[in-house]
Every structure is written in structure tokens, then in C-alpha cells.
Asks: 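Structure in C-alpha cells, see below.
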Amino acid sequence: MGRVLKLLEPFRESDGLTLTELAERTGFPRSSAHRLLLQLVGVGWLRRNGTMYHFGPKMMELGSLARSHDRIYRAAVTTMYQLHKSTGMAVHLAVLEDDDLLYLEKIGGRWAAATLNTHAGQRRPAQGTAEGVALLAYRNRRASIVRERVVGYSAGEQVRCVALAFDAGCGEIAVLSLTGLVGQTPEGAGHDLVSAVDLVVSKLSA
């Protein structure tokens, strides 16, 4: 399984890869990589299109099931939709794994999809995001502190992200965040975020 996971890891950064690219990125001999790829295609974890390999339908199915069964996701997803509706801002849910941030969900409509380079299942170094900074601060201090970051993007406008981390129980730390264009953040968005986190925590502890 360790070899399989190592072979799948490069797909985090690319939609499709060739046998040669996978062998180079994993350090596996081409023959070993090819044998593993044939097995993964056979069980539906990968699919082959010409010389390119992509995630297959079984991988998508398993990923979707894993998220839908995740207790933090289940507790937060309805509240996230309500928060997006009330603020008009993009809403992210993420957890801390070691020093990395793992996004569980992103809700935000067309603007968020086109502008924000984030998606469910994405892993990033925690220090590089407002959500990650909030998670690390909570881990170190065990206190919920609203963290804010303003960054620029390609159109020359600035994006504001406000994040609040919380204890999700079972030794896990999670975070909810709101992201939108600077100057278009509604009054009371921070209060709405705090109320949303309180609601999610109450669901997790019920």
C-alpha cells in the first residue's frame, strides 16, 4: 500500500501524468510503475487515456463517500450554505493535519470558483493561509482567535479572508472562514462567522 500511495501522490499537483513522469516523480523503475498502474486501472482507481493516466471513477466515488461520512463535514455543511447565503462570501471548512491545512469543503458560487485557487481535498502548508494561521494559533494557545488576511489576485483587486478555528472533538482542530473582495464584506460578517462556529461546535458535541 505504501508503494500505491507514493504512486498516487503526484496526482495532487496534476490532472494527468504519463508513465515516464510518474516513474521520475516516484523514483520507481518504469517496469514497477507500469505494473502498479495496470493494477490500479484494473480496479478503477485510475483510468488511462492514450499515454496519460488520470484518477478513475472508483477514486472519485471513495473520495466523495469519505467526505460525506466525515463527522466535521456533516456537522458544518448546512451551516456553511446558510453562512454563504447571509454574507455572499465564499465559505471554507478545513482541518489541521500536522502542519498542513486540508480543505474539506468550499462553498462560494461562480466568483469563488473562478477566483480562489482552493478546492475540497486540497492540502496546503498551514502557514500560507489565514485558515492555517488560525489553526496553528489555536493548537498552540487553545483559544479561538479570529485571524484575518488580505491578499491581491490577478485582476488587481484584493481579497479578504477571515478565519476562526475551533475544537472539533476527538483530538481534531477545524476552521471556518469567509472570503470576499475587500470593500464588499458585509457588516456583521465576523459576528455571523462566530455564530456559525458556535452552531457547528454544538452539533459536534451533541
Asks: Would you please test Glu131 and Arg147 for salt bridge (charged side-chain N to carboxylate O under 4.0 Å, His left out) and show each step?
Replies: CA-CA 7 Å; Glu131 296 95 345; Arg147 299 287 168 169; over 6 Å; no
Asks: Does Glu97 form a side chain to side chain contact (heavy atoms under 4.5 Å, CB included) with Arg123? I'd like the steps, not just the answer.
Replies: CA-CA 9 Å; Glu97 291 197 348; Arg123 182 183 296 271; 2.8 Å; yes
Asks: Where do Asp70 and Leu104 come nearest, in terms of heavy atoms and distance?
Replies: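 Shortest heavy-atom separation between Asp70 and Leu104 comes out as OD2-CD1, 3.7 Å.
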Asks: Within the distance-only criterion (no hydrogens, no angle test), does the side chain of Arg71 pair as donor or acceptor with the backbone N or O of Gly169 below 3.5 angstrom?
Replies: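 At least one qualifying donor-acceptor pair exists.
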Asks: Would Arg3 pass as a cation-pi partner of Phe28, given that its NZ or CZ must be under 6.0 Å from the six-membered ring centre and within 45 degrees of the axis?
Replies: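 Yes; both conditions hold, so Arg3 lies above the ring face of Phe28.
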Asks: Within the side chain of Ser205, is there an N or O that forms a donor-acceptor pair under 3.5 Å with the backbone of Ser202?
Replies: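 A pair under 3.5 Å: yes.
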Asks: Mind checking whether Val41 and Arg47 have side chains closer than 4.5 Å, heavy atoms only?
Replies: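 No, side chains not in contact.
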Asks: With a 4.5 Å heavy-atom cut-off, do Leu22 and Leu7 have their side chains touching?
Replies: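 They are in contact (side-chain heavy atoms under 4.5 Å apart), so the answer is yes.
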Asks: Shortest non-hydrogen contact from Val159 to Leu116?
Replies: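 Heavy atoms only, the tightest pair is CG1-CD2, 4.2 Å.
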Asks: Between Tyr138 and Val175, is a side chain to side chain contact (heavy atoms under 4.5 Å, CB included) present by the stated rule, with each step listed?
Replies: CA-CA 10 Å; Tyr138 188 92; Val175 63; over 6 Å; no
Asks: Between Leu101 and Gly132, what is the shortest heavy-atom contact and its length?
Replies: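 Smallest interatomic distance, heavy atoms only, reads CD1-N, 4.1 Å.
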Asks: Between the side chains of Glu9 and Arg25, is the shortest nitrogen-to-carboxylate-oxygen separation below 4.0 Å, so that they form an ion pair?
Replies: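 No.
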Asks: Where is the tightest heavy-atom contact between Val150 and Glu148, given as atom of each residue plus distance?
Replies: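 Result for this residue pair: CG2-OE2, 4.3 Å.
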Asks: When you look at Arg30 and Thr20, which way does the side-chain hydrogen bond (donor to acceptor under 3.5 Å, both in side chains) test go after all the steps?
Replies: CA-CA 7 Å; Arg30 281 176 55 90; Thr20 299; 2.6 Å; yes
Asks: Run the numbers on Arg139 and Asp99 for salt bridge (charged side-chain N to carboxylate O under 4.0 Å, His left out), then give the verdict.
Replies: CA-CA 10 Å; Arg139 184 178 68 183; Asp99 290 330; 2.8 Å; yes
Asks: Of His84, Arg160, Met89, which is the lone residue that meets side-chain contact (heavy atoms from CB on, under 4.5 Å) with Leu178?
Replies: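 Testing Leu178 for a side-chain contact (heavy atoms from CB on, under 4.5 Å) against His84, Arg160, Met89 leaves exactly one candidate, Met89.
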Asks: Measure across Ala134 and Ala165 and return the closest heavy-atom pair with its distance rounded to 0.1 Å.
Replies: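 Of all heavy-atom pairs spanning Ala134 and Ala165, the closest is O-CB, 3.5 Å.
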Asks: Show the nearest heavy-atom pair for residues Asp15 and His54, with the distance to one decimal.
Replies: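 Residues Asp15 and His54, closest heavy atoms: O-ND1, 3.1 Å.
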Asks: Linking I/L/V/M/F/W/Y whenever their side-chain heavy atoms sit closer than 4.5 Å, directly or via other members, would Leu37 and Val43 fall into one cluster?
Replies: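 Cluster IDs for Leu37 and Val43 match.
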Asks: Among residues at least two apart in sequence or on other chains, which ones pass ring pair (Phe, Tyr, Trp, His ring centres under 6.0 Å) with Phe11?
Replies: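 Residues passing ring pair (Phe, Tyr, Trp, His ring centres under 6.0 Å) with Phe11: Phe55.
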